[in-house]
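Written below as structure tokens is the structure these notes are about.
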Amino acid sequence: MFCRSVTSKLRCDRRRCCPITSTSTVLSQGVQQVTNRNSSTLTTPTSPFMNMSPFLMQRRGRSQTRFAYPEGMKAYEDDWTEEAEYPEIDPEIHTWNEYRRKRLQDELDFHMKIRKATCPEAKNLELNMPKQFGYKVFRITEDTFDYDSLAAYKFVTRTHIASNTQLPSQYSAPVLEEQVKHYLEKVKKPIWDVLQFELNTPRSCESDFNEFPHTIDLKKSQSIISQINRVILTVLGQEIEHLKDSQVDSQPNIEAFWQMGGLEPSFRRRNQRKGNEKKKTYYKLKDIKIDDPVEGHLHYIGSPLLQVRCKDPPKNFVSPTDPVCSRSHEEFPDRFPHFLEAYGFRFAENSRFASIIPGHWSGDLHRCNLLAYHGRSHLLAGERVDNKYWSATEENEEALCSQAMLVSFGRLLSQAFYHGFDQFGDLEYPFSTQTVITNGLDWSFFAYQLNTIKFHRLALAKNQKQNVMWGTQSESIFDKENPNELNVNVLGNILKFYLNTPVPVDVENATPYLTSRIQDWDDDKERVLTFFNFREQVCQRIYRTDNLLKFRPPEMYEYEKIYKFYFNTMPIEPRRRFFELPSGFPGSQPWNEPYKLKDPLYESKGIVRLKAEVAARKEKEAIEAAKAADGLKFGVAPAKSGGRRR
Amino acid sequence: MSSRLYPIFQKGNPQMRVFLPNFWMKMVRPQIDNAPKNKVQFVVHPGMSQFDVKSYLEKIYEVPVVHVRTYIQEGRYRRVPQKGYIVKDDDYKVAFVTLPKDTTFEFPNIFPEEKAQEVENEEKHMDILKENFKKHQQRNRLRPDVPGWFL
């Protein structure tokens, strides 16, 4: 069996950073099986020349070096099976040409690398390895929601709204209702006191002219929510175990990154595709039509006001085989027909490294979200307030719906990532969570179940699952008829969310793809390397320091764009810039180069030499001191060391 | 509503009581087929802001407007034919206007089929006339000095 072994391509290794370009060459503990990124063959590469000496290779003729073995034909017994195992033939990929299949194999290798990384920090590192300066992302936050943008958020998270007014049937079980009645009486008075205090006392920020109404609103809701949470946990926590053993975070940082296929290509991309016909490489690009959908990267950045975490996840509202969880093609087509920019998704001008953070460190055992509170101050911010269409009650409710979708999806995605499930290999069991969106006065409750996260370009059309959400309209915490009393529905819902007991997952191994923790790695070098680079990426360090321009993407000046890039008006000038290099040459597309790992334990030659000198000097002084001490015994005068010349 | 600079009033000058706007808006076809139906696109005077666009539509045409987004599109660079040097078209401002959910707008069909047929017929007529003229020329190519009313 003859297989070509592909030699590694040149990489620009700069002296400043350590010459490590791929994690697989360094990490043996962090990766279970090494797959070479440069391999373009579909079978495992085995070279018959491994055991052959170079002398023998020179001796034999051309035909003999190809097919002859020094020890005769070897049987590779690992590959032998009695019945032939043919690989599956995907009807779509079968029609592709060779170039496209090679690129597909590279992508699948990338997906396997992420899966084989053993801890979430290593997975995050591997996600960012193919891009030196990060991904160009759509940056999504909770700050604004555009008019009539529910459709876009639905497509992007693929959620089906099962009901707009009712929570799932799990919450109307008689056991829960009895518990709620029991605790309601205890909790009513303290919450009433809290609300009276928080809403009637004046605050310094209210009289500050630098503060906007939406920032004041956020601060108010933060204080009300933290007080209510404190009340409930003290009352219920004495008798209920999962609340005794829960962790509470205040304004944690939650970030989620996912790739979305099925998006409309921009006009620049369409014009590029029109020019494909004239290129020499047209045979590679024949299959791509002008209107083919395109993949976009989405990044959610947000922080709930309060988050409650437990060891086990809350019980799933619906079994994964239910018809609600299977995708309806009318609601979720293979392709979104409009531009995402029309619905308020702004494309970020600067790149950003992918960071997936659930609000806690990876070693924490309390890694499942029970509850989270979010503020609704975006309804008071910006142009929304003065606009009679935009600030209508229906539109507000839709905005809250889309906020709940976004927020729960992001939180659950990062939770799943820290359980080992990434976007390219789908979830094995569904996750669910509860969100509360409040002002202090108006409360709305949402329950969300995550069934899939597999939305990238190759798998969007084949994914037959969807995510489900239930929610209520916003209600005031004070009763309509009797404003001196609290609304029983709202209080009941709050208590139900807390009393929803978490249940351990049915599966044998809840985290099949996490096999070790970074805290337990023995090798200092690997551990420090991964954590240091993971932290640098997640903090976006190269974009926050002003002096490190050398670590930022290179700039193409405007005259170069016009006179060299668009139109070649300077053919005699030497081609020294990065974009003038031939295509495929390393350095011609710096944003597509792999990330350069930084070794914090790296010591340059000068420092190594210095350290050796210092150590040698210290040894000398110790020897001389010892000699002097011994010399006194034997009557020898001590040698004069150092000192000025006289 | 205007970017004109008017002369300062001095005693004895005629008083200007009419201030005409020099803002203009040009409606433009959406470039995708499946554009959302409550969104309209305009090319606009580059001095107009989002509020100017909104008040222009609401006050002059009584169109309800929810939101406007504007941006300046860079003009295209191109080579001048037969000269070779590079030239840039002017920048222009594009406005995306969202109407309320209930209202829809479809860009009208400026080239309906009846008019297209008329244009075709006219072109055919012109072609026939040209052919006749050519035949006439061919017939009388050996008699260049004869006057036209005689042929």
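Every chain is numbered from 1 and lettered A, B, ... according to where its sequence line falls, protein lines coming before strand lines.
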Task: Candidate pair A/Leu285 and A/Arg273, rule side chain to side chain contact (heavy atoms under 4.5 Å, CB included), full reasoning - done: CA-CA 9 Å; A/Leu285 306 162; A/Arg273 284 175 176 176; over 6 Å; no
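- The pair A/Glu331-A/Lys154 meets the salt-bridge criterion, with a side-chain N (NZ, NE, NH1 or NH2) lying under 4.0 Å from an Asp/Glu carboxylate O.
- Proximity to chain B is absent for every atom of A/Ala151, based on heavy atoms less than 4.5 angstrom apart.
- Within the 4.5 angstrom heavy-atom criterion, only side-chain atoms of B/Arg69, from C-beta onward, approach chain A.
- Listed options B/Thr98, B/Val66, B/Asn38 were ranked by heavy-atom pairs under 4.5 angstrom with chain A; first place goes to B/Val66.
- Between the side chains of A/Gln403 and A/His378, at least one donor N or O sits under 3.5 Å from an acceptor N or O.
- In this structure, chain A has heavy atoms under 4.5 Å from both the backbone and the side chain of B/Tyr77.
- Only the side chain of B/Lys39 comes within less than 4.5 Å of a heavy atom in chain A; its backbone stays farther off.
- With a 4.5 angstrom heavy-atom cutoff, A/Arg335 does not touch chain B via any of its atoms.
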- [ ] Go through the steps for A/Tyr153 and A/Phe145 under the test ring pair (Phe, Tyr, Trp, His ring centres under 6.0 Å), then give the verdict.
- [x] CA-CA 10 Å; A/Tyr153 286 100; A/Phe145 291 90; 5.3 Å; yes
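- When atom types are taken as modelled, the side chain of B/Asp52 and the backbone of B/Ser49 share a donor-acceptor pair closer than 3.5 angstrom.
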TODO: Could you please spell out the steps behind the salt bridge (Lys or Arg N to Asp or Glu O under 4.0 Å) verdict for B/Lys54 and A/Glu383?
DONE: CA-CA 13 Å; B/Lys54 194 174 177 186; A/Glu383 300 166 14; over 6 Å; no
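- Top candidate by heavy-atom pairs under 4.5 Å with chain B, chosen from A/Phe267, A/Tyr389, A/Phe567, is A/Phe567.
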